[in-house]
Amino acid sequence: MNILVVNCGSSTVKYQLFRMEDEDRYEVVARGIVERIGIPGSRLEHRSALDTFVEDRPVPNHRVALELVIAALTSGKTRVLSGVGEIDAVGHRVVHGGEKFTGSVLITDEVLEAIRACADLAPLHNPPNILGIEACQELIPGVPQVAVFDTAFHGTLPEYAYIYAIPYEYYEKYRIRRYGFHGTSHRYVAERAAKMMGRPLAELRLITCHMGSGVSFAAILHGKSIDTSMGFTPLEGLVMGTRCGDIDPAIVFFLMEKEGLSAKEVEEILNKKSGVLGISGISSDTRDIEDAAPHNHRARLTLDIIAYRAKKYIGAYYAILGGLDGLVFTAGIGENSPYIRKSICSGLEHLGILIDDERNTVRRKEALISRDDSRVQVMVIPTNEELVIARDTWRIARGMR
Ligand code: ADP
């Protein structure tokens, strides 16, 4: 089965074409990204097993972007399909599934309507996801289209973990609650961790640390997410590239008053100018911060704050899990930064977390980085959200044949 996985952001379309025999036997035959959609400088970067090309050309909207993707798959030197009719199903990443979707679903008119209704909760993310779905329905008609939600894996959070201590009526009226994000990634690495540990996921207590430009941790008990650091929006939780994570909400009102800012302006500061960028004043990329740290106090401070806050979440999740079997690092920072992994784990020896410095030099591949005498197995596991989307799409589409 040929499955196209599509991930539409506000100005990007990322995609991969999977050729799947079954869940474990597959090949990625093409992949790429369309960037700067709707803004000057847009381009397509496409790679297939046969050839690679970059094309700079105006891409006014998501529909045109997907037309280019289909042309790259079905024509020229990168042609891996004889026509669009060879695509058997399309899997879409959808950021917010609200309370309604706790698993992946076939997209019907009702489902699309429900995804639209969730757009209120994710005004930046769901609208481009919807544009991608609509464009694919037109361009690749008559095949199953499946939605895989970032929030779905956290649908198992208990009520006491997702209700905020604000008047309950706001939950009833607006569905203000913790949803959590990066669910596809947490789910994937948890499953891989169980395989690496050679134990059933249903027996394990895991903490999964997704550390990319967005950062979220999840406490996973017996395969189910029981808590996660992102909340109503991806702004809550740990220190991120440009997002502040947890702060005292009173800071918002203080800033509005002292600086004469509107709610929108403060939201922009907390989402785009805070986190690693805000503390360091250098960059949102931790690579730049690691480079600057030897001679710059604020760069060092940034790294110290990242590690300190990560330790606090690990401690909290250790407590609610009733112990810990595995700790997993994934995404850009988690897969690539031995320094940050080490600084998070050092001082946690009393929890049974013992890092092996030699093993911890690993980048971008699955590896155990704890010592053999460590009670908790610490792992690096590159995430693969696209594979989860392809597998869920395969399962749903296969059932329809
Ligand atoms: P996104 O959340 O945008 O998908 P990624 O998971 O790719 O992001 O993570 C991006 C972040 O990962 C970068 O901002 C950078 O801080 C960090 N990163 C990526 N590669 C490396 C590396 N080789 N060493 C250290 N940090 C890295």
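Just follow the structure's listing: the first ligand is 1, and inside any ligand the first atom is 1.
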Enumerate the pairs of nitrogen or oxygen atoms, one from ligand 1 and one from the protein, separated by less than 3.5 angstrom; state names and distance to 0.1 Å.
residue, atom, partner, partner atom, Å
ligand 1, 2 (O), Ser213, N, 3.1
ligand 1, 2 (O), Ser213, OG, 2.9
ligand 1, 3 (O), Ser213, OG, 2.7
ligand 1, 6 (O), Gly332, N, 2.9
ligand 1, 8 (O), Ser213, N, 3.4
ligand 1, 12 (O), Ile333, N, 3.4
ligand 1, 16 (O), Asp285, OD1, 3.2
ligand 1, 16 (O), Thr286, N, 3.0
ligand 1, 16 (O), Thr286, OG1, 2.8
ligand 1, 20 (N), Arg287, NH1, 3.3

Under a 4.0 Å N-O cut-off, is there an ion pair linking Arg178 with Asp227?
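Asp227 and Arg178: salt-bridged.
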
Is Asp325 paired with Arg375 through a side-chain N to carboxylate O contact shorter than 4.0 Å?
no

Check whether Tyr171 forms a cation-pi arrangement with Arg175 (NZ or CZ under 6.0 Å from the six-membered ring centre, at most 45° off the ring normal).
yes

Looking at residues at least two apart in the chain, or sitting in another chain, which of them share a ring-ring contact (aromatic ring centres under 6.0 Å, His included) with Phe181?
His96

Taking all non-hydrogen atoms of both residues into account, name the closest pair between Gly98 and Cys118 and its distance.
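So the minimum-distance heavy-atom pair works out to N-SG, 3.7 Å.
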
Below 30° counts as parallel, above 60° as perpendicular, anything between as tilted: where do the rings of Phe217 and Tyr313 land?
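Answer is perpendicular, since the angle exceeds 60°.
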
